[in-house]
Amino acid sequence: MVKHTATSVVTIERYIIEQERMYPEATGELSGILYDMALAGKMIANKVRSAGLADILGAAGGINVHDEIQQKLDVISNEIIIKAFDHGGRLCAMASEEMPGIIHIPDGFRMGKYVLLFDPLDGSSNIDVNVPVGTIFSVYRKITRGARGEMEDLLQPGRRQVAAGYIIYGSSTMMVYTTGQGAHGFTLDPAIGEFLLSHPNIQIPERGRYLSVNEGYEGNWDEPTKALIRKYRGLDGDHKPLSVRYVGSLVADFHRNLLGGGVFAYPRNTRSPNGKLRLLYEANPLAFIVEQAGGLASDGTRRILDIDPTELHQRAPLFIGSRSEVELAQTVYAAEPASV
Ligand code: AHM
Ligand code: MG
């Protein structure tokens, strides 16, 4: 791998090519998927940036200046990703958090050997109040024999991911991805429209600074969960108290903890016995990234990446971030199993 100094300007495209050269047998298809995702991210960033203007630019009744019916941004983002990928010849199927079933490649287009799963705009309920949102994606190699991708190709355990990443639309737009060779971050320079390498080989601090959890659900947590959160806050035992930071937008909470150290927790509660976050679209891709950065992701007892999925939209409790904080969750649930 070419070593980049702090002053060298490296575009995402150049970085992906350099990583690909480490594998003489690589066909370039996976690299193509990553470029296409970077392009889709730039297009979504452009829409998100003008989100607050939608009402001003659109006429009453939801028709905008181009005579198009205004659509919600998560629907638009979903369309952008499908259109960026369905004709490229690199995928044989997709699945989106916004759609109920498998998304087949339209007839007439070439099929590739990969499948893509994505959450087009996570945290989109936050858009109206100008809070960061993000796109999350996950790529697997097809395992069935036919040309078309099947459900079996989409329902693979997270440890089989060949690439995963997210794009955060925050004060700047950033893309973080892994292909199993470390986790790397790129910041969009809006003046030239390029993602530039800004965070090579991200390492999450071993211990946390931040705790991200929705404490509004405390009344619905079981006893081990209440005990765990008390430990994180330094109210019980000798854990240094973590600072509570909860945006309520997973990509934003995860990204802060990845860079600064911390744990994001979405435990089971009596109203949502499996938590809220989706295994395939949210937990698995972020788990791949956090492990590449030296952290951990668990549902409290199992490694997230080892869970065998049974349905596209299944949920999983999630504890993700700095190694020692996630290990603490596993220790607490090992001593007293979850009872929700
Ligand atoms: P969404 O996929 O419908 O946007 O929901 C996922 C979001 C995450 O970004 C965030 O971590 C979580 O929901 C917050 O949930 P809650 O409001 O229950 O704390
Ligand atoms: Mg989501």
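Both counts, for ligands and for their atoms, begin at 1 and track the order of listing. Just so you know, residue 1 is the first one in the sequence shown, and it goes up from there.
- Between the side chains of S322 and R209, not a single donor N or O lies within less than 3.5 Å of an accepting N or O.
- Note: the hydrophobic cluster containing V213 also contains V290 (ILVMFWY, side chain heavy atoms under 4.5 Å, direct or indirect links).
- Regarding atom 13 (O) of ligand 1, its nearest protein heavy-atom neighbour is K276 NZ, 2.9 Å.
- The shell of residues lying under 4.0 angstrom from ligand 1, judged by heavy atoms, includes F264.
- Residues P267 and F319 have side chains in contact (heavy-atom distance under 4.5 Å, counting atoms from C-beta outward).
- E97 has its closest N, O or S atom to the Mg ion (ligand 2) at the position named OE1.
- The E282 neighbourhood of ligand 1 comprises atoms 2 (O), 6 (C), with distances under 4.0 Å to a heavy atom of that residue.
- Taking only nitrogen or oxygen atoms, main chain and side chain alike, L250 reaches within less than 3.5 Å of ligand 1.
- Distances between N or O atoms of G123 and those of ligand 1 include at least one value under 3.5 Å.
- In terms of polar-atom proximity, S249 is not counted as a contact of ligand 1, lacking any N or O under 3.5 Å from an N or O of the ligand.
- Nearest protein neighbour of atom 10 (C) of ligand 1, counting heavy atoms only, is G248 O, 3.4 Å.
- Considering the Mg ion (ligand 2) as centre, the angle to OD2 of D119 and to OD1 of D122 is 90° (10° rounding).
- Within the 4.5 Å cutoff, no side-chain heavy atoms of Y210 are placed close to those of D253.
- Looking from atom 14 (C) of ligand 1 to the surrounding protein, the closest heavy atom is Y246 OH, 3.3 Å.
- Classified by interplanar angle (parallel below 30°, tilted 30° to 60°, perpendicular above 60°), the ring pair Y281/H313 is tilted.
- A donor atom on one side chain and an acceptor atom on the other are found under 3.5 Å apart for Q181 and Y23.
- Counting protein heavy atoms only, atom 2 (O) of ligand 1 is closest to E97 OE2, 2.9 Å.
- Here the side chains of T301 and Q330 are not in contact, with every heavy-atom distance at 4.5 Å or above.
- Of all N/O/S atoms in E282, OE2 sits nearest the Mg ion (ligand 2).
- For atom 6 (C) of ligand 1, the nearest protein heavy atom (residue, atom name, distance) is D122 OD1, 3.4 Å.
- Counting heavy atoms from C-beta outward, L34 and E13 have side chains that stay 4.5 Å or more apart.
- Under the ring pair (Phe, Tyr, Trp, His ring centres under 6.0 Å) test applied with Y166, the options F118, F254, F137 reduce to a single match, F254.
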